[in-house]
Number of protein chains: 2
Amino acid sequence: MAQGAPNRQSTLDEVAELAGVSRSVASRVLNNAPHVSRAKREAVERAVLRLGYVPNPTARALATRQTGAAALVVSGEDPSIFADPFFAQVIVGASAALEEAELHLMLCLAASDRGRRRVERLLRSKGADGVMLMALREDDPLARMAEEAEIPVVFGGRPVGLDPRWYVDVDNLGGARAATEYLISLGRTRVVTICGRLDTEVGRARYRGYQDAMLAAGLEPYPPEAGDFTESSGAAAMAALSARHPELDGVFTASDNMGAGALRTLRDAGRRVPVDVAVIGFDDLAVARISDPPLTTVHQPVEGLGREMARMLVALINGQAPTPLILPTRLVTRASA
Amino acid sequence: MAQGAPNRQSTLDEVAELAGVSRSVASRVLNNAPHVSRAKREAVERAVLRLGYVPNPTARALATRQTGAAALVVSGEDPSIFADPFFAQVIVGASAALEEAELHLMLCLAASDRGRRRVERLLRSKGADGVMLMALREDDPLARMAEEAEIPVVFGGRPVGLDPRWYVDVDNLGGARAATEYLISLGRTRVVTICGRLDTEVGRARYRGYQDAMLAAGLEPYPPEAGDFTESSGAAAMAALSARHPELDGVFTASDNMGAGALRTLRDAGRRVPVDVAVIGFDDLAVARISDPPLTTVHQPVEGLGREMARMLVALINGQAPTPLILPTRLVTRASA
DNA sequence: CCTGAAACTGGAAGCGCTTCCAGCCTTCCA
DNA sequence: TGGAAGGCTGGAAGCGCTTCCAGTTTCAGG
């Protein structure tokens, strides 16, 4: 028999009855609240064990007006943008931080219109205690919804044209500048860039960093050649750049995936890396270590991004007033530059 | 002014009052239930719009005993196992399928003991309408919990030593066999394998497939050299194998990451791929396309895995009785073999 | 032994929504 | 025109838990 396996969920009432106390006392015991005598506390604990009681989170949520969950919303046209390992790492960080606060993680991939409507519902119905919002593009309707939401919202990266109250970002500008400076310090003077989508703040900031470094060194920045952060877009952009600027001797790409694509194109064209062309990526994902040659890149604390977003959200939920955060990046030198 | 932004959430009672009907009628309208006259239905809809009313999901959950959420649980010692893009793709598939059923996705990374306890709680407290369980290792306590759970559980891949009632798996055995057969058909006779962890069913099945193909071709299978599916473990295993079996001319690796690692080791050792050694991976992740040379590999429908798990779960939640599913794999030939 | 404060206790009122059910009102046919 | 059938309606009873509050008990201090 042991602890009888109740086929029906037992309730707090049953626990209270078995323990010979009122429901209020039982509730207080479960919540570690004061004003319970030692004897009754133990009686309740025994009953809980005996019944295999587990509180019903929904009922608790209704009574406390706290759902016990936080949502991570990833916005974007193409759902497979999310398959990027980048997000997986963000999730790992966020998940760990939320676990510490005993919050569940809900994941919303707002790709379709339908998905976006669900997110709106979530925000307005308080279906979660707070929301982390990522990858907002220019004019993303989600941004407005978030501003109007009555629950805490933390942005991951700053959306273009908005200046959110709470966000965690990565020092994209500084990282891009450092990468470009490094290329220049290597003696490269004809440094181009494959930047990310210019309708994202990430894309813009990384291009600005490149510009800054070029100008500071007295070099003329090349116009942006944009990709969408994917390998194939990087390969295509590299081909275009090679055709347009055959003299180039350095490339800063705004993502490792694009960097890998660039490497592929250069290899296919018979240009040696780093001898003929030095290449630097951004992100420091696994692909940077695997590519041939391994990619010099700007490391960003991706897991840290998720963790800090979650922590900031938890702070907000607890009524504190955290300040925005910009996480540092750092150059990791490998063989490609 | 437009649709007044109520600073307090409006309730169904308020909607009913404004529409001049009872709460029951209002509820029926919101749920598209019958027995509501056209006039009242419209009155309620007007009131909803006017108040900007959004139903409270928690209250609804309590009343219907349905949470409106499904959980995806990923088990494993190391939380970063999850950073594998594999899971990201599973999530994309699952998310899409759940969206169709209007279910939210909860993500649980059960790495720590604490995480595992939370999952147990989730299962026992019916904190979700159903659960998808992935990456269970031998003797994973989660497996037992799942069997005892009173909510629908779908396994992603079959856990070692268990024969779950509902699961979606990939044809690992067939894929591995096809890969090995292909190497043999290329004239390779000294084919080794870098298999995955042998305490996972995936690892075992892929090794078995290799064995089958070797035996069927009258060749003696080499003993398993195990990695943990990561790039570095693949590199290490390749080094060990090269030392032990310098005669080898073909390698089947149980993951693309390990395949990439093997390529790296071979390159560093000056062995040409595919001339000296042909290499085949498994998974068909992005890395297989990016590696040099691009990796011939066994494609598995990762997103499909997530999608089908979610569909099966939805079917179970709806009281249907789906049958287990084994998704096909297919060889994708590239330059490495 | 009395008094007031402090510590407990349990009744009861919610949290916001669904759903059963009894009664009402149409509608339509004989 | 009467009456049965059936569509509508709203009252009320939950769903399982938290929490306020008033009442009771306990106990140190006088």
Side-chain angles (χ1 to χ4, degrees), chain A residues 6 8-44 47-48 51-69 102 121-122 124-129 150-151, chain B residues 6 8-44 47-48 51-69 102 121-122 124-129 150-151:
Chain A
R8 207 184 56 72
Q9 201 87 315
S10 48
T11 72
L12 189 55
D13 273 316
E14 292 166 22
V15 170
E17 188 180 356
L18 181 59
V21 303
S22 79
R23 203 194 331 172
S24 336
V25 172
S27 171
R28 266 179 243 133
V29 171
L30 289 173
N31 295 298
N32 276 310
H35 304 313
V36 180
S37 67
R38 197 190 158 85
K40 300 217 169 187
R41 165 157 276 133
E42 284 171 356
V44 170
V48 165
L51 259 38
Y53 169 77
V54 183
N56 178 319
T58 307
R60 187 186 298 226
L62 183 58
T64 60
R65 293 123 174 281
Q66 302 223 32
T67 63
E102 296 280 313
R121 237 163 187 268
L122 187 74
R124 304 213 318 158
S125 72
K126 302 202 167 80
D129 295 340
E150 291 161 45
I151 56 177
Chain B
R8 210 184 56 71
Q9 201 85 317
S10 49
T11 71
L12 190 54
D13 273 316
E14 292 166 20
V15 171
E17 188 180 355
L18 181 59
V21 302
S22 78
R23 202 195 331 176
S24 338
V25 173
S27 172
R28 267 179 242 130
V29 171
L30 289 173
N31 295 296
N32 276 310
H35 305 311
V36 180
S37 68
R38 198 188 157 88
K40 301 217 168 189
R41 163 157 278 133
E42 284 170 357
V44 170
V48 165
L51 259 38
Y53 169 78
V54 183
N56 178 318
T58 307
R60 188 186 294 224
L62 184 58
T64 59
R65 294 124 176 282
Q66 302 223 34
T67 63
E102 294 280 314
R121 238 163 186 267
L122 186 75
R124 303 212 319 159
S125 72
K126 302 203 168 78
D129 294 342
E150 291 161 44
I151 57 177

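All values below come from the heavy atoms of this structure, side chains included, with hydrogens, waters and symmetry mates left out. Proteins get letters first, then strands, A, B, ... in listed order; numbering begins at 1 in each.
Between B:Gln9 atom CD and C:dG14 atom P there is a gap of 20 Å when expressed in whole angstrom units. Between the P atom of C:dA7 and the CZ atom of A:Arg41 lies a distance of 14 Å, rounded to the nearest Å.
Side-chain atoms of B:Val15 and B:Val44, non-hydrogen and from C-beta on, do get closer than 4.5 Å to each other. Contact check for A:Lys126 versus B:Asn56: no side-chain heavy atoms found under the 4.5 Å cut-off.
Note that CD1 of B:Ile151 and OG1 of B:Thr67 are 8.0 Å apart. Values are rounded to the nearest 0.5 Å. Atoms CD and CG, from A:Gln9 and A:Leu51 in turn, are 10.5 Å apart once rounded to the nearest 0.5 Å.
In this structure A:Arg60 satisfies the salt bridge (Lys or Arg N to Asp or Glu O under 4.0 Å) test with no other residue, sequence neighbours excluded. Judged as a salt bridge (Lys or Arg N to Asp or Glu O under 4.0 Å), and not counting sequence neighbours, the contacts of A:Glu42 are A:Arg38.
Closest to the side chain of A:Ser22, out of D:dT9, D:dG16, C:dG10, is C:dG10.
For D:dG16, one of the phosphate oxygens OP1 or OP2 lies less than 4.0 angstrom from a side-chain nitrogen or oxygen of B:Arg65. The side chain of B:Ser37 places an N or O atom within less than 4.0 Å of a non-bridging phosphate oxygen (OP1 or OP2) of D:dT9.
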Atom pairs under 3.5 Å: protein N/O with N/O of nucleotides 17-26 of chain C:
from   : atom 1 : to      : atom 2 : distance (Å)
C:dC17 : OP1    : B:Tyr53 : OH     : 2.2
C:dC17 : OP1    : B:Asn56 : N      : 3.3
C:dC17 : OP2    : B:Leu12 : N      : 2.5
C:dC17 : N4     : B:Arg23 : NH1    : 2.3
C:dT18 : OP1    : B:Asn31 : OD1    : 3.3
C:dT18 : OP1    : B:Asn31 : ND2    : 3.0
C:dT18 : OP1    : B:Arg60 : NE     : 3.4
C:dT18 : OP2    : B:Ser27 : OG     : 2.7

